[in-house]
Amino acid sequence: MSTQKETFASLIKQFEYPYDLKGAFDDFLTMTICSFSRNLETGLSYDEPLYMETIDKYKVDDIRFNFPKMLTCLTNEMTDRLESDDGFDVLGEFYELNISKKSKSQFFTPWPICKFMAKSSLDESRKTVPDRPLRILDPACGSGRMLLAASREGGPYNEYFGVDIDHCCVKMTAVNFFLGGLFRSEVMCADALLENDFKVSYRISMLPFGIFKIEEKEKSRLWNIYNTPPEKEPQKPFEAWTDKGAASHHGSQLKLF
């Protein structure tokens, strides 16, 4: 007898009736980010209390074992679709089809349009700053799909920044950046139309390796760039905003989608 292959969607949908699907989806994002925020000195997450608080509601239910399976499936599905014409935003697709339509009716830009806009913007930018990394910003990033498309067109050495007012979308983007290999990136939860607005931010980096939550706006590279005139901006490379600095080239000004 054949068994149906487990997928990210099939595993998370098992939470729909015993639990709230949106809540389970958000909990998965929270625990994934905590898992990728490891303190090398302790071997635990920098956000270990948050992880334990989040998983606690599932502690007497075997469905909790779905969470690591979901991360495995998500990683494999994104990897398998890296060169797909449909893109590899597995999280955004699930959210749009199964969660946002039932609550906020959020719709994300289709992948082919993201790909077209990324190519058009980057081709133009290369004419003016051909020898420097670009800073690429989406001020209403959703699941980060536009920036994922930009990374496939522009490569991993540019800096990728996202802003969104929805914390769940911000966490989706952070996980997408990490699994998509955008290790010079940050995504901030804020209203891009309000000066100095800041709720929380997540930095994705290679050194140190992981996703790191930023709770003070002054420590956020993105907040500083977003709220500082170009002529007054501190010329610190991306890695200088991490705990372990490294030399790097300065990027060009932000490129808005």
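Side-chain atoms are counted along with the backbone in the values below, which use heavy atoms only and exclude waters and symmetry mates.
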Review point. Are I211 and L44 in one and the same hydrophobic cluster, where Ile, Leu, Val, Met, Phe, Trp and Tyr link if side-chain heavy atoms are under 4.5 Å apart?
Key: no

Review point. Would you call K219-E216 a salt bridge at under 4.0 Å N-O?
Key: yes

**Study point:** Neighbour count >12 (heavy atoms, 6.0 Å) for atom CG, N196
**Key:** yes

Review point. Which atoms form the tightest heavy-atom contact between F8 and V90, and what is the distance?
Key: CD2-CG1, 4.4 Å

**Study point:** Side-chain heavy-atom pair I33, V175 within 4.5 angstrom cut-off
**Key:** yes

Review point. When the aromatic ring centroids of F178 and F209 are compared, is their separation below 6.0 Å?
Key: yes

Check your understanding: Where do S143 and D89 come nearest, in terms of heavy atoms and distance?
Key -> OG-OD2, 2.5 Å

Review point. With distance as the sole test, does S37 use its side chain to make a donor-acceptor pair with the main-chain N or O of F212 at under 3.5 Å?
Key: no

Check your understanding: D27 and T54: side-chain donor and acceptor closer than 3.5 Å?
Key -> no

Check your understanding: How about K59 and D56: do any of their side-chain heavy atoms sit closer than 4.5 Å?
Key -> yes

Review point. Is it the case that one hydrophobic cluster holds both M206 and M78, taking links as side-chain heavy atoms less than 4.5 Å apart, direct or via other members?
Key: yes

Check your understanding: Is the ring centre of F183 less than 6.0 Å from the ring centre of F177?
Key -> no

Exercise for review: Flag yes if more than 12 heavy atoms outside K217 fall under 6.0 Å of its NZ atom; otherwise flag no.
Suggested key: yes

**Study point:** Side-chain heavy atoms of Y160 within contact of L148, under 4.5 Å
**Key:** no

Exercise for review: Ignoring hydrogens and angles, state whether a donor on the side chain of N66 or Q14 is under 3.5 Å from an acceptor on the partner side chain.
Suggested key: yes

Point to revise | Non-hydrogen atoms of G181 and P156 that approach each other most closely | key: O-CB, 4.3 Å

Review point. Can you tell me how far CG of L134 sits from OG of S121, rounded to the nearest 0.5 angstrom?
Key: 10.0 Å

**Study point:** Cationic N near anionic O, under 4.0 Å, R64 to D61
**Key:** no

Check your understanding: Any link between L71 and I63 through a network of hydrophobic side chains (Ile, Leu, Val, Met, Phe, Trp, Tyr) touching at under 4.5 Å?
Key -> yes

Practice item. Please work out which of the three classes, parallel, tilted or perpendicular, describes the rings of F28 and F67, given edges at 30° and 60°. Key: parallel

Review point. Quick one: are T109 and M146 in side-chain contact, heavy atoms under 4.5 Å?
Key: yes

Point to revise | Check: L122 and I136 side chains under 4.5 Å, non-hydrogen atoms | key: yes

Review point. Can you tell me how far the CG atom of N227 sits from the CD atom of E195, to the nearest 0.5 Å?
Key: 6.5 Å

Revision key, fill the gap. Nearest heavy-atom approach of C141 to L147 is CB-CD1, 4.4 Å

Point to revise | Side-chain touch S220/F198, heavy atoms, less than 4.5 angstrom | key: yes

Point to revise | Full working for side-chain contact (heavy atoms from CB on, under 4.5 Å) between D85 and E83 | key: CA-CA 7 Å; D85 290 337; E83 304 301 331; over 6 Å; no

**Study point:** Carboxylate-amine/guanidinium contact E159 R184, below 4.0 Å
**Key:** yes

Review point. Say you draw a straight line from NZ of K69 to CG of L74; how long is it, rounded to the nearest 0.5 Å?
Key: 16.0 Å

Exercise for review: State yes or no: are the ring centers of F15 and Y58 separated by less than 6.0 Å?
Suggested key: yes

Check your understanding: Between Y95 and F25, does the ring centroid distance fall short of 6.0 Å?
Key -> yes

Practice item. Could you check D86 against R81 for side-chain contact (heavy atoms from CB on, under 4.5 Å), going step by step and ending with a plain yes or no? Key: CA-CA 8 Å; D86 296 322; R81 292 175 48 180; 4.2 Å; yes

Exercise for review: Dump the intermediate steps for side-chain contact (heavy atoms from CB on, under 4.5 Å) on W223 and D197, then the final yes or no.
Suggested key: CA-CA 9 Å; W223 183 86; D197 192 38; over 6 Å; no

Practice item. Return the minimal non-hydrogen interatomic distance between E186 and R221, and the atom names on each side. Key: OE1-N, 3.3 Å

Check your understanding: Got a salt bridge between K22 and D26, using NZ or NE/NH1/NH2 to carboxylate O under 4.0 Å?
Key -> no

Study note, to complete from the structure: Value for CE (M52) from CE (M31), rounded to nearest 0.5 Å, stands at 10.5 Å

Practice item. Following the transitive rule for hydrophobic clusters with a side-chain heavy-atom cut-off under 4.5 Å over Ile, Leu, Val, Met, Phe, Trp and Tyr, establish whether I165 and F108 coincide in one cluster. Key: no

Review point. Going by distance alone, is a donor N or O of one side chain under 3.5 Å from an acceptor N or O of the other, for S10 and T7?
Key: yes

Practice item. Measure the spacing between CZ of F88 and CG of L82 and express it to the nearest 0.5 Å. Key: 5.5 Å

**Study point:** Closest heavy-atom pair and its distance - C189, D166
**Key:** SG-C, 4.3 Å

**Study point:** Y19-F94 co-clustered via ILVMFWY side chain contacts under 4.5 Å
**Key:** yes

Review point. Looking just at side-chain N and O atoms, do K171 and T30 make a donor-acceptor pair shorter than 3.5 Å?
Key: yes

**Study point:** Close side-chain approach of M188 to I214, heavy-atom, < 4.5 Å
**Key:** no

Review point. Under 4.0 Å between a Lys/Arg side-chain N and an Asp/Glu carboxylate O for E93 and R145?
Key: no

Exercise for review: Evaluate side-chain contact (heavy atoms from CB on, under 4.5 Å) for T173 paired with L91, printing each intermediate quantity in order.
Suggested key: CA-CA 9 Å; T173 299; L91 288 173; over 6 Å; no

**Study point:** Separation between CG of L29 and OH of Y202, rounded to the nearest 0.5 Å
**Key:** 9.5 Å

**Study point:** Side-chain touch I204/L182, heavy atoms, less than 4.5 angstrom
**Key:** no

Point to revise | Exam field: side chain D164 to backbone G142, donor-acceptor pair closer than 3.5 Å | key: yes

